[in-house]
Every structure is written in C-alpha cells, then in structure tokens.
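Okay, so here's the structure we're looking at.
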Amino acid sequence: MDSVRGYPLLVVIDPVARSTDGEAVRIAKDVLCAGAGAKICLPEGPEEFARMLARRGQRRPVVIGDDRALLRMVGLLHKERELAAVPLSMVPVGAPAGVALSRALGIPTDTVAAARAVLDGSERPMDLLTDDSDGIVLGSLRIPCGEPARPGHGVSVPRQSSPEDAADAADQVDPADPAAPRGGPVDPKDPADGDGPWWRPYARTARTALSLLTAPAAGRRALESGDGRTGGRRARVPGQRLRIEADGVLLADLDRPVRGVSVVPSARAGNGSGAGGGELAEVVVHWPGGGRSVRTRARAVTVSGADFHYRADALVGGPVRTRTWTVQPAAWRLQLPRD
C-alpha cells in the first residue's frame, strides 16, 4: 500500500513533542486528520504508549515526536514480532539533534512535508541490526558511546590539570572560609602569613578572585564551542582494547587499541534491501593517531573486550563484555516521500 488517504490511522503524539513544539504538533494533526480518518492518542508515559499501540486494530500507526518516540514504537512492535507486518509513519517534532536519526532515514523534518509523506508517500523496506539481547539498531551503532556522530572525529574530554594548575589551586583560598583574606590591608608582620614575602597574601587573594571570575566563563566557552578544546589543548579518550570480528574475519584484536567502531545498516531510503548489498552492514574501525581505518561489509559483527558501552541510535547500552549484531534485511517498512 502506498497512499493511505481514506485509511484509518492511529496517531500517537509523544508527550515530549507536545511540550517541545505544540504548534508543530497541531499542524501535523490537522494535515493528517484532513487526509484520513485518524484516532488521536495522547499517552502520558511509555506504558500508556505501549497500551495504545497494542490496541491499534487495523489502524496504521503514526508517531509524532522525536527519534526516541520512533525507537520506542519500533522496539514495541519488534518485541511483539509484528514489526515486519506493520508499516510505520512518522512526523518528526523536536530539536535538530533529537531528530537526526529520522532525517538520516529519509523522513522530512518539515512538519507539513512529513505529514504529507504519511498520506501520499510510499513504503520502503529498511534493514536493521538486532543484537543477542534482542536490542535493535535502525541507523547506526557506535563504540564508544560518546563518540560524535560525525565520522572521523575523535572523542574529546577536558584536559587533566597540570602541576602548575595544582600549585595554583593549593594557594587559592576558599571564599567561604571566614579566615580567608578578603583583599583588604594585611599586616605584613602577621605571624599567620609565615615568613613569606609581604605581597604573598595579596597575590593569593587576587588569584582567588580571578579564578572565580574566569573559570565559569571559560567553561561556558568550551561547551559552546563544541570542539572539545579546553585550555588550548585537545585531549582524546585513550583507545579501547577490543576484539572485533566481521563474519568471522578478525578486524582488530586486544593487542592494539581502537579509537572507535561504527556499524551502519546499508539499506537506506531509495535503496531497498536488495540493492547495493543491502543485506550487509558497513563496518568501520578507527585507530588512534589517525591510522588508516579498516572498512568492510558484513552480515554479523561481534565485539568483545573489557566492559564497554555502545550507542545504538539515540540510546546507550552496556556495559557488556561481548555483543553480536546481525543485519536483518527488509525487517521493517517506513513511509517515505515518493521522490
């Protein structure tokens, strides 16, 4: 089935979308209701979301929300083993980062365009990954979980304090300490100041005031820049020692740390599972220090090692010591624009 005009819909509006952008939700609801018979559901939590989906009858489910709402719907149908039989539709509503998966899958991020795709689009078979704990991955799997979605970029963390920083911190005075100097005149002969230079208390007070004024601003600049630079340095997370196998072929072993691993189902909007090797996933292993990445395509990928976390789309899993992900070709269907 392509166009759903005239067919009943079950429109599930995620509570986060209602609180984030009520106007976009209203527009999507108006467009859908004008083109098809729609039952509007307003769940207040995951349990109510699941209950409404289970009672859909012959209605085609449509979710209005962000990537997590889509993943929740797909996960529920997967657990009921009904995912392949139920075409899904979505109208993304949320911050750009919250709908990145939907955009990658080919769903329009414009509210009106997405609602019209629900009504007049066409179904596309899509691959996904399943793991040995019955988890699913629609868009991409990444290890470590904190690695940015942009390929080829390392993970940045605040740099460790230098010995000079530690020395300065030792000299800084707690402002809450009633005995701390407040910047006023200090008796140079005061025994409490020891035998140090007469200007030492003034310098200590000035350093304290300067650190209180500049530290928050520096932290804000580092966060706003988003490039992971702090104090003029870039510190990368050390590589993890992982054993990575793709269809039984060893890509990395524990004797050489890796910077990151990504696994992406190949079937995308417009390809289908039978085109371009859609039954295989693209596997990329990144090495620390800018070494040439290892790229291959495989049906199953196994990662083993010390406790590690992973990011499956918008969700973080782990820690685990071993996990296998397997491509499930054409495991679900998504309503997308015809073009």
Evaluation steps, side chain to side chain contact (heavy atoms under 4.5 Å, CB included), between L280 and V327: CA-CA 6 Å; L280 303 177; V327 177; 5.7 Å; no
Step-by-step side chain to side chain contact (heavy atoms under 4.5 Å, CB included) determination, L42 to M52: CA-CA 9 Å; L42 306 172; M52 292 175 176; 5.7 Å; no
Full working for side chain to side chain contact (heavy atoms under 4.5 Å, CB included) between F49 and L76: CA-CA 10 Å; F49 189 107; L76 290 170; 3.7 Å; yes
Worked verdict on L141 versus V301 for side chain to side chain contact (heavy atoms under 4.5 Å, CB included): CA-CA 11 Å; L141 166 75; V301 179; over 6 Å; no
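D132 places a side-chain N or O within 3.5 Å of a backbone atom of T324 that can act as its donor or acceptor partner. Looking at D253, its side chain never comes within 3.5 Å of a backbone N or O of R256 through a donor-acceptor pair. For the pair D131 (side chain) and S133 (backbone), a donor-acceptor distance under 3.5 Å is present. A distance-only check finds a donor-acceptor pair linking the side chain of R338 to the backbone of D120 [under 3.5 Å]. A donor-acceptor contact shorter than 3.5 Å links the side chain of R68 to the backbone of A314. One N or O on the side chain of Q335 and one on the backbone of G121 form a donor-acceptor pair closer than 3.5 Å.
Follow the hydrophobic side-chain contacts under 4.5 Å out from I107 and you never reach V16; the two are in separate clusters. Cluster membership for V320 and I244, using ILVMFWY side-chain heavy atoms within less than 4.5 angstrom, is shared. Both V86 and L128 belong to a single network of hydrophobic side chains, linked directly or stepwise wherever heavy atoms of I, L, V, M, F, W or Y lie under 4.5 Å apart. When the side chains of ILVMFWY residues are joined at heavy-atom separations under 4.5 Å, either directly or via intervening members, L254 and L251 end up in two distinct hydrophobic clusters. Under a hydrophobic clustering in which Ile, Leu, Val, Met, Phe, Trp and Tyr are joined whenever their side-chain heavy atoms come within less than 4.5 Å, directly or via other members, V99 and V62 fall into different clusters.
Listed by first and then second residue, the side-chain hydrogen bond (donor to acceptor under 3.5 Å, both in side chains) pairs involving residues 47-56 are R56-E82 (not counting sequence neighbours).
Counting heavy atoms from C-beta outward, L71 and L101 have side chains that approach closer than 4.5 Å. A heavy-atom distance below 4.5 Å is not found between the side chains of Y310 and V261. Side-chain contact between I40 and C33: present, with at least one pair of heavy atoms (C-beta onward) separated by less than 4.5 Å. Between V11 and R59 the shortest side-chain heavy-atom distance does not fall below 4.5 Å. Under the 4.5 Å side-chain criterion, counting only non-hydrogen atoms from C-beta, L88 is in contact with L77. Two residues are said to be in side-chain contact when any heavy atoms from C-beta on lie closer than 4.5 Å; L70 and L105 meet this criterion. Taking the side chain as every heavy atom from C-beta outward, R321 and D307 approach each other to under 4.5 Å. Side-chain contact between V258 and W287 is present, with heavy atoms from C-beta onward closer than 4.5 Å.
To the nearest 0.5 Å, atom NZ of residue K79 and atom CD1 of residue I136 are 8.0 Å apart. Distance check, rounded to the nearest 0.5 Å: CZ of R116 to CG of D110 gives 8.5 Å. Between the CD1 atom in I143 and the CZ atom in R323 there is a gap of 10.0 Å [rounded to 0.5 Å]. Here L9 contributes atom CG and C41 contributes atom SG; the two are 11.0 Å apart, rounded to the nearest 0.5 Å.
A salt bridge does not link R72 with D313: none of the charged nitrogens is closer than 4.0 Å to a carboxylate oxygen.
Taking each heavy atom of D67 and M90 in turn, the nearest pair found is N-CE, 4.1 Å. Shown here for R60 and S89, the closest heavy-atom pair between the two residues is NH2-OG, 4.5 Å. Across every non-hydrogen atom of R311 and V316, the tightest pair is NH2-CG2, 3.6 Å. In plain terms, the two heavy atoms of V31 and A115 that are nearest each other are CG1-CB, 3.6 Å. The minimum heavy-atom distance linking H286 with S262 is given by the pair NE2-OG, 4.4 Å. Across P337 and G106, no two heavy atoms sit closer than the pair CD-O, 3.8 Å.
The side-chain contact (heavy atoms from CB on, under 4.5 Å) test with L129 is passed by exactly one of V137, T326, L138: V137.
Around the CZ atom of R292, the shell of radius 6.0 Å holds no more than 12 heavy atoms that belong to other residues, nucleotides or ligands.
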